[in-house]
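Following: one structure in structure tokens, then a few remarks.
Side chains are part of it too, since the values below use all heavy atoms of this structure and drop only hydrogens, waters and symmetry mates. Small disclaimer: the values here were computed from a predicted structure and weren't measured.
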There are 2 protein chains.
Amino acid sequence: MVNETREFSSDPFLMTSHLPRTRIQRRNRRAILDAALAVFSQHGFRGATLDRIAAEAGLSKPNLLYYFPSKEAIHETLLAGLLETWLDPLRALDPAGEPIEEILGYVRRKLAMSRDFPRESRLFANEILQGAPRIGPTLDGELKKLVDEKAAVIAGWSGEGRIADVDPWHLIFSIWALTQHYADFDVQVRAVLGPDRGDPFDGAERHLVTLFTRLLTP
Amino acid sequence: MVNETREFSSDPFLMTSHLPRTRIQRRNRRAILDAALAVFSQHGFRGATLDRIAAEAGLSKPNLLYYFPSKEAIHETLLAGLLETWLDPLRALDPAGEPIEEILGYVRRKLAMSRDFPRESRLFANEILQGAPRIGPTLDGELKKLVDEKAAVIAGWSGEGRIADVDPWHLIFSIWALTQHYADFDVQVRAVLGPDRGDPFDGAERHLVTLFTRLLTP
DNA sequence: AAAACGTTTGACCGGGCGGTCAGGACCACG
DNA sequence: CGTGGTCCTGACCGCCCGGTCAAACGTTTT
């Protein structure tokens, strides 16, 4: 009954933040959520099966249901931390900073997330593709509020002539679309580029920096 | 912008091109494929059920299986025509045309497809998200060949100084990402924009024209 | 040692899944 | 009218799904 030490390793989604009593519980909860992330992100909620998640986690199905009450609960746990982490890079956009560097910084952070957490990106994409049945309210509320706020900042920069005139909302959509594309459509990107043109993300970063620089430079 | 009808009466995927013997067969095949498109695009292959497709098509399940031998067959039929139609706008990019107008034309055509055929876009997105298990070979073959060809054209324009220097492959990715985003992430876009800012696609077209003009103008 | 608690499992359940089948309804054409 | 082919359906099948349960196993505490 010890272990009150907080975990903050490489876990961006606080997967183990729910009252982690024993070491076994932490290990197994993490294994389950990691397996579930892999399966849900590839097959969507309805396409995923508990047997498959259990197998991937190295547990029996009843044992899996000892740690989570239902398939729904696993999915919800994954989505819960997701939106938060998804928005952090946008929150970090500093109204007091140098406009173009702030926006380019956001682009770079978002692209890094596509490279380092593609499964999370695909889980999110699946949820939105299906009409956001589980996080719809969060989109209307928290997400819209944050975007409106940052859009106002960008509009301010625009008005002051510090960046070129641009629709702030669609600018943000552009950043989302262009960065998440490299995670969500990874197989297509790699198929088109072929094996001889190096890591797609290197070319992507150069291209996106160019693109947004030309778009935003007054 | 091009203005096609949003109803399924304008059949862009030759859904009924398979030996349409009788009038009833044509009507029912079309109804099935239209229903299947709705269900597959929202839930993915494994998440879709024959009962649901049959209900949406207004047929009984056995009757549905009178027209198609299996769930797989329906899905394959949908995907078969999809890639073709998906690539047509890129094929139409004319090497002899005015570079920036050619590329902007491609952007407009692709955005129009997102607006008029969002279900097709989401069906494609689902397939890619799952790792392209059924159209992987087509991506490596036909798609890569076409993109390589058009990328060479764009690189030529770049070399001649008729457009600004840009990575042709990532330019094409940008067009795909930015246009398909408005179909695939429609709910998110509408949630963020709210109800008072008009049709997302109007703002999208203005924004994308601006974006690519600034990116490509030498 | 043994109680007490946390963990794991095999066997099982009702329901929904993709798909089958025999036969009935419908329909064009003699 | 009848007959043959097309179209449609209720009943059914075996399988896999999410989820339950009692019992056994492991580990820590007393």
query: Do any side-chain nitrogens or oxygens of A:Asn63 fall under 4.0 Å of OP1 or OP2 in C:dG10?
result: no
query: Does the side chain of B:Phe173 reach to within under 4.5 Å of the side chain of B:Val147, using non-hydrogen atoms?
result: no
query: Does the pair A:Asp148/A:Lys144 count as a salt bridge with the N-to-O cut at 4.0 Å?
result: yes
- request: Look up atom CD1 in A:Ile135 and atom CH2 in A:Trp86, then write down how far apart they are to the nearest 0.5 Å.
  value: 11.0 Å
query: For the atom pair CG (B:Asn126) and OG (B:Ser41), what is the distance rounded to the nearest 0.5 Å?
result: 7.5 Å
message: Could you tell me how far apart B:Asn28 (CG) and D:dC7 (P) are, to the nearest whole angstrom?
response: 8 Å
- prompt: Of all of residues 49-60 of chain B, which get a heavy atom below 4.0 angstrom from DNA chain D, listed by number?
  reply: B:Ser60
- request: Answer whether the closest heavy-atom distance between the side chains of A:Tyr182 and A:Arg115 falls below 4.5 Å.
  value: no
message: Please check: side-chain N/O of B:Ser121 versus main-chain N/O of B:Ala183, any donor-acceptor pairing under 3.5 Å?
response: no
message: Please determine whether a side-chain nitrogen or oxygen atom of A:Tyr66 lies at a distance below 4.0 Å from atom OP1 or OP2 of C:dT8.
response: no
field: Under the side chain to side chain contact (heavy atoms under 4.5 Å, CB included) test, residues paired with B:Pro133 that sit two or more places apart
entry: B:Glu127, B:Gln130
task: Would you kindly give the CG-to-P distance between B:Leu65 and C:dC17, to the nearest whole Å?
output: 14 Å
message: Looking at D:dC8, I'd like to know if its phosphate oxygens (OP1 or OP2) sit under 4.0 Å from a side-chain N or O belonging to B:Tyr67.
response: yes
field: Phosphate OP1/OP2 of D:dC7: any B:Gln25 side-chain N/O under 4.0 Å
entry: yes
- request: For each nucleotide in nucleotides 25-30 of chain C, reading 5' to 3', give B when a protein heavy atom comes within less than 4.0 Å of its base, S when such contact involves only the sugar-phosphate, and - otherwise.
  value: ------
- request: Could you tell me how the ring of B:Phe185 sits relative to the ring of B:His181: parallel (under 30°), tilted (30 to 60°) or perpendicular (over 60°)?
  value: parallel
field: Non-neighbouring partners of B:Asp186 that pass side chain to side chain donor-acceptor pair (under 3.5 Å), sequence neighbours left out
entry: B:Arg190
message: What's the separation between atom CD1 in A:Ile74 and atom CD in A:Glu72, rounded to the nearest 0.5 Å?
response: 10.5 Å
field: Of residues 38-46 of chain A, the positions that come close to DNA chain D - non-hydrogen atoms, cut-off under 4.0 Å
entry: none
Derivation of the salt bridge (charged side-chain N to carboxylate O under 4.0 Å, His left out) call for B:Asp184 and B:Arg122: CA-CA 5 Å; B:Asp184 302 342; B:Arg122 287 193 276 262; 5.9 Å; no
query: Which part of the nucleic acid, if any, lies within contact of B:Ala73, taking any heavy atom under 4.0 Å across all strands shown: a base, the sugar-phosphate backbone alone, or nothing?
result: nothing
message: Taking the minimum atom-to-atom distance to the side chain of B:Lys71, which one of D:dT6, C:dG18, D:dG19 wins?
response: C:dG18
task: Would you please test A:Arg134 and A:Glu76 for salt bridge (charged side-chain N to carboxylate O under 4.0 Å, His left out) and show each step?
output: CA-CA 8 Å; A:Arg134 297 155 218 276; A:Glu76 277 172 18; over 6 Å; no
statement: B:Arg26 CZ to D:dT6 C1', in whole Å, measures 16 Å
Name the pairs: protein N/O against N/O of nucleotides 22-26 of chain D, kept only if under 3.5 Å.
none

message: Within the supplied structure, the quantity of interest is the number of heavy atoms (other residues, nucleotides, ligands) at a distance under 6.0 Å from A:Arg91 CZ; does it exceed 12?
response: yes
query: Thinking salt bridges, do A:Arg30 and A:Asp34 make one under a 4.0 Å N-O criterion?
result: no
task: Measure distances between side-chain N and O atoms of B:Lys61 and base N and O atoms of C:dG18, and say whether any donor-acceptor pair falls under 3.5 Å.
output: yes
